[in-house]
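Read the structure below first, then the notes.
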Protein chains: 2
Amino acid sequence: MKRPTIADIARRAGVSKVAVSYALNDRPGVSEAKRAVIKAIAEEIGWRPNSAARALSGARAHTIGLTVCRPARILGVEPFFMELISGIESELSARSYALMLQVVTDPGQEVEIYRRWWGERRVDGAILVDLRFSDPRVTELEELGLPVVVLGHPSEAGTLVPVWSDDTVAVREAVEYLTALGHRRIARVAGLPELVHTVLRDQAFTAVCRELGLESHTIMHTDYTGDEGARATRRLIGSPARPTAIVYDNDIMAVAGLSAAQEMRLDVPGDLSIVAWDDSPLSQVVRPALTALSRDIPAYGAHAARTLLSLVAGEGEVTGGEITGFEDRAARLVPRGSTAPPPAG
Amino acid sequence: MKRPTIADIARRAGVSKVAVSYALNDRPGVSEAKRAVIKAIAEEIGWRPNSAARALSGARAHTIGLTVCRPARILGVEPFFMELISGIESELSARSYALMLQVVTDPGQEVEIYRRWWGERRVDGAILVDLRFSDPRVTELEELGLPVVVLGHPSEAGTLVPVWSDDTVAVREAVEYLTALGHRRIARVAGLPELVHTVLRDQAFTAVCRELGLESHTIMHTDYTGDEGARATRRLIGSPARPTAIVYDNDIMAVAGLSAAQEMRLDVPGDLSIVAWDDSPLSQVVRPALTALSRDIPAYGAHAARTLLSLVAGEGEVTGGEITGFEDRAARLVPRGSTAPPPAG
DNA sequence: TCGCCGTACTTACCCGGTTCACCGTTTCGG
DNA sequence: CCGAAACGGTGAACCGGGTAAGTACGGCGA
């Protein structure tokens, strides 16, 4: 029942374990005949390289780490992370890398975990999400020496390698679309104001609305939960200058907002247009289906993973080209039933 | 920049590395004075045990594995897995275990991955989800010798350790509740019929409906997507003996069903009552809020993790008590606005 | 004074795979 | 025909911890 080692293979093949190592790793130093014999024996007895032994002799851990800091209830309902993870994985598993995951409740813990993983040589690199302004995690990870890819705008990524998409053009696309429909009062129900992408979207939103000379362009910040999305919606609907269109920062808030509006006897899209950021299947099962800023999130994750892997591989080497990051496609507007011209009044 | 080893500590403390090993592991063989000195140095230079080295000398990998086989788009929208994962993690991180995750597209790959992880000594144990009837994965994992906890009913878990909850009582609670409201035609929109829990729920549903002498009790199987949930709902509404209540196997289908019903001008709950299985925040943001069979999924995951860890720890030991599994609480019905007495006609 | 025991540490070797230096053959070019 | 290079293969050392088996020293009782 003991799991076989290269020494077992060496014994059965009548060679030294060094020859086995060379044979199995497709390195020169053994004849093709012996290589074939050794590979056959390895296959037959079901040998697998002991990852600990490999990692110990200087090689890589063949694992990358990801920590996510959000409470379980939000994490579960937001399709974003699961889609991101499966995208990351598609890239990793193709190269036999594993993903180590940890969910924490406080951003401070994240660095602690990365520090531990790196110190214990459990991971070769990591992905940092939910970038904040002057993020203390960035400076700490910089000095740690761990290869890191940041999902977020380059301006706040320090010397870490960024993977991002330009939310500015997506915001512009949405606002211009609503303006073209005739809307003059647009609101934005945004996520956590400490996150970089929230503020960048806020700024873009304000700038585009000003540029187009809109009557009003309110922004409300929330914690991404449906509850807060609904509450923000009710406050906006009850406000003196009620907006005729609302852009939400995720789809769960958009769905909650839709329900809140319908409950208040508003017709969507007749009285109120709704646009969701991120386009999960959720946007399409509600009625009316939600107009959404659609991104390919699995692809986003895959790009992050690929960038990280090349960073890990090129580490310390004298490659002419520096790895500078990757700009993914911006989200594209997918019009559906939740948007229409504003009411005539 | 090189990461410190116990040899570095030994040099600075002027002792052998064995003394350092004893000191840091709180084992006898060093004086308290030296122990304190050694620990101080370790702390100062930020030493962490190299997990590969530890794992190599017989110890555990301190990692458990989880593979999930569902397409990305379903995975993302179903809160179940993210909640399960965060529950598993809460238990693991408390004991400094890590979680290795892999998303696959075909159940056959799962065993292959477990085989690899176990062969490479990357994991100490694993969790198996989405149990099927006569599941080939069960027999394969049994012979592999990898400690495994199965999320699913003991009858199909073989000799693997099961962690499950009794869906029968939950089905009974839902059907009896609807019957008490006056419903006589109830339908069930179920998940994949090859999964054990789907069939067990099907059987319980049929049995309870027969027992209560209901007029009709249709079951339709789907792939858990909102699309299929909506399609099933439309077919049920259009059928001759239209049900007055529908119980869905997950919340995304329930939401889709709700939208489909409203689109067909049915009032929920006036014309049609809706019950969702699994109670994520999603159930509460739509209008009316969904009556749901609520489970504490993070706790479920935590129980699975705890059971697996004790299995891993007790492995090979002569403990009197065998680890037999864990039965979690059954789901409880949480009545909300989506259920009411059936229409008078 | 000797023997015995416990404490505090050390030396030596293991885990399993990789890598380096070296060594005996064969081949080939000058 | 001889020297150099290429091939095929080996032993030994190494990665960073863990563990078994000593050893040196001090105290204590007889």
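Protein chains get the first letters and strands the later ones, always in sequence-line order, with residue 1 at the start of each. Computed from heavy atoms alone, side chains included, the values below leave out hydrogens, waters and symmetry copies.
We find that CD1 of A:Ile38 is positioned 13 Å from P of C:dT18, with the value rounded to whole Å. Put simply, CG on B:Asn50 is 13 Å from C1' on D:dC14, counting in whole angstrom units. Here D:dG16 presents its P atom at 15 Å from CG of B:Leu24, a figure rounded to the nearest Å. Across the protein-nucleic acid pair, A:Ile6 atom CD1 and D:dG11 atom P stand 13 Å apart, rounded to whole Å. One can place CG of A:Leu56 at 9 Å from P of D:dG17, the figure rounded to the nearest angstrom. Separating the CZ atom of B:Arg35 from the P atom of C:dA8 is a distance of 9 Å, rounded to the nearest angstrom. Straight-line distance from the CZ atom of B:Arg11 to the P atom of C:dT10: 14 Å, rounded to whole Å. At whole-Å resolution of the value, CZ in B:Arg60 and C1' in D:dG17 are 17 Å apart.
Between the side chain of A:Thr63 and the main chain of A:Val123, no donor-acceptor pair closer than 3.5 Å is present. Remark: the backbone N or O of B:Phe80 is not paired with any side-chain donor or acceptor of B:Glu83 at under 3.5 angstrom. Looking only at distances, a side-chain donor or acceptor of B:Glu156 sits under 3.5 Å from a matching main-chain atom of B:Ser134. Side chain of A:Asp135 to backbone of A:Leu131: no donor-acceptor contact under 3.5 angstrom is found.
The side chain of A:Ser21 has C:dT19 as its nearest neighbour among D:dG16, D:dG9, C:dT19. For B:Val18, the listed nucleotide lying nearest its side chain is C:dT11; candidates were C:dT11, C:dG17, D:dG8. For A:Trp47, counting side-chain heavy atoms from C-beta on, the closest listed nucleotide (C:dG17, C:dC15, D:dT19) is C:dG17. The listed nucleotides are C:dA8, D:dG17, C:dT11; the one nearest the side chain of B:Ser57 is D:dG17. Proximity note for A:Thr5 (side chain, C-beta onward) versus C:dG16, D:dA12, C:dT11: the nearest is C:dG16.
Nucleic acid contact for A:Arg27: sugar-phosphate only, since backbone atoms but no base atoms lie under 4.0 Å from a heavy atom of the residue. A:Val20 comes within 4.0 angstrom of no nucleic acid atom, judged by non-hydrogen atoms across all strands. Among the atoms of the strands shown, only primed sugar atoms or phosphate atoms (P, OP1, OP2) are found under 4.0 Å from some heavy atom of A:Val30. Backbone-only contact: A:Arg48 has heavy atoms under 4.0 Å from sugar-phosphate atoms and none from a base.
At a cut-off of 3.5 angstrom, the base of C:dG17 holds at least one donor-acceptor pair with the side chain of A:Lys17. In terms of polar N and O atoms assigned as donor or acceptor, the side chain of A:Tyr22 never comes within less than 3.5 Å of the base of D:dC7 in a complementary pairing.
Both B:Arg121 and B:Glu32 lie near DNA chain C, and the one whose nearest nucleotide falls closer to the 5' end is B:Glu32.
When the side-chain nitrogen and oxygen atoms of B:Arg54 are compared with OP1 and OP2 of D:dG18, one or more of them lie within a distance under 4.0 Å. Taking 4.0 angstrom as the limit, B:Asn25 places a side-chain polar atom (N or O) nearer than this to OP1 or OP2 of D:dG18. Look at B:Ser31 and you won't find any side-chain N or O under 4.0 angstrom from OP1 or OP2 of C:dT7.
Between B:Glu32 and B:Arg35, at least one side-chain N (NZ, or NE/NH1/NH2) sits under 4.0 Å from a carboxylate O, which counts as a salt bridge. A salt bridge links B:Glu44 and B:Arg12; the closest N-O separation between the charged side-chain nitrogens and carboxylate oxygens is under 4.0 Å.
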